[in-house]
Amino acid sequence: RANALHPKPDRGRRLENFVFLCLRHGGRNPAYLSEKDAWECDFITDGEAIQVCYELTPDNLRREVTGLVHACNLPDRRQRRAIILTFDQRDTLQHEGITIEVYPAWQWDR
């Protein structure tokens with residue numbers, strides 16, 4: 001790692017890996033969902049649609065929310081909680097009639 005071009009650890013990927021492992025350990029069988037070049041949702045389970053980002057900013061807010069909205073509007077008719085997990089932010093957002101919970105991954109009700 002000392003000779004890497006980016007010596008800083010990729011905190012976002014590490015946080016996403018932590019969430020994935022927690023979901024698997026809890027038996028929730030997470031899946032990744034996307035539409036090429038349009039949107040993506042990091043994890044979808046029977047009861048949750050989850051985006052993971054180390055820090056939610058004005059630059060990435062639209063991308064994170066768009067993926068959640070699409071995942072929550074799937075035609076399978078399941079009610080899913082929309083969640084954005086971050087390192088240390090907490091908020092509640094509303095978008096297209098969907099309530100999105102934003103909170104630190106360490107406070108996540110896994």
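Just so you know, these numbers use all the heavy atoms, side chains as well, and skip hydrogens, waters and symmetry mates. These numbers were taken from a predicted model, which means no experiment stands behind them.
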Quick one: are Asp91 and Ile84 in side-chain contact, heavy atoms under 4.5 Å? no
Nearest heavy-atom approach of Leu85 to Ala105 is CD2-CA, 4.2 Å
Output the distance between atom CZ (Arg13) and atom CD (Glu16), rounded to the nearest 0.5 Å. 8.0 Å
Rounded to the nearest 0.5 Å, what separates atom NE2 in His95 from atom SG in Cys72? 11.0 Å
Could you grab the distance from atom NE2 of His70 to atom OG of Ser34, nearest 0.5 Å is fine? 11.5 Å
Considering only heavy atoms from C-beta outward, does the side chain of Val19 approach that of Asp42 to under 4.5 Å? no
Quick one: pull up OG1 in Thr66 and CD in Glu40 and give me the separation to the nearest 0.5 Å. 11.0 Å
Leu21 and Leu15: same hydrophobic cluster, using ILVMFWY side-chain contacts below 4.5 Å? yes
Distance, nearest 0.5 Å, that separates CD of Glu101 from CG of Leu68: 10.5 Å
Side chain proximity check, Leu61 to Leu56, heavy atoms < 4.5 angstrom: yes
Note, Cys41 side chain near Gln51 side chain (heavy atom, < 4.5 Å): yes
Does any N or O in the side chain of Arg80 come within less than 3.5 Å of the main-chain N or O of Thr45, such that one atom is a donor and the other an acceptor? yes
Ring-plane angle category for Trp108 and Phe18, please: parallel below 30°, perpendicular beyond 60°, tilted otherwise. perpendicular
Are Ile98 and Ile44 linked, directly or through intermediate hydrophobic residues, by side-chain heavy-atom contacts shorter than 4.5 Å (ILVMFWY only)? no
Would you indicate whether the side-chain heavy atoms of Glu64 and Ile100 approach each other to under 4.5 Å? no
Working to the nearest 0.5 Å, report the span between CG of Asp88 and CH2 of Trp106. 9.0 Å
Any heavy-atom pair between the side chains of Ile50 and Leu23 that's under 4.5 Å? yes
Does some side-chain heavy atom of Phe43 sit less than 4.5 Å from a side-chain heavy atom of Glu48? no
Would a hydrophobic clustering, with Ile, Leu, Val, Met, Phe, Trp and Tyr connected at side-chain separations under 4.5 Å, put Val102 with Trp39? no
Work out which heavy atom in Thr86 is nearest to a heavy atom in Tyr54; give both atom names and the distance. CB-O, 3.8 Å
Would you find a donor on one side and an acceptor on the other, under 3.5 Å apart, between the side chain of Asn60 and the backbone of Glu55? yes
Surrounding CZ of Phe87 (heavy atoms of other residues, nucleotides or ligands, distance under 6.0 Å), is the total greater than 12? no
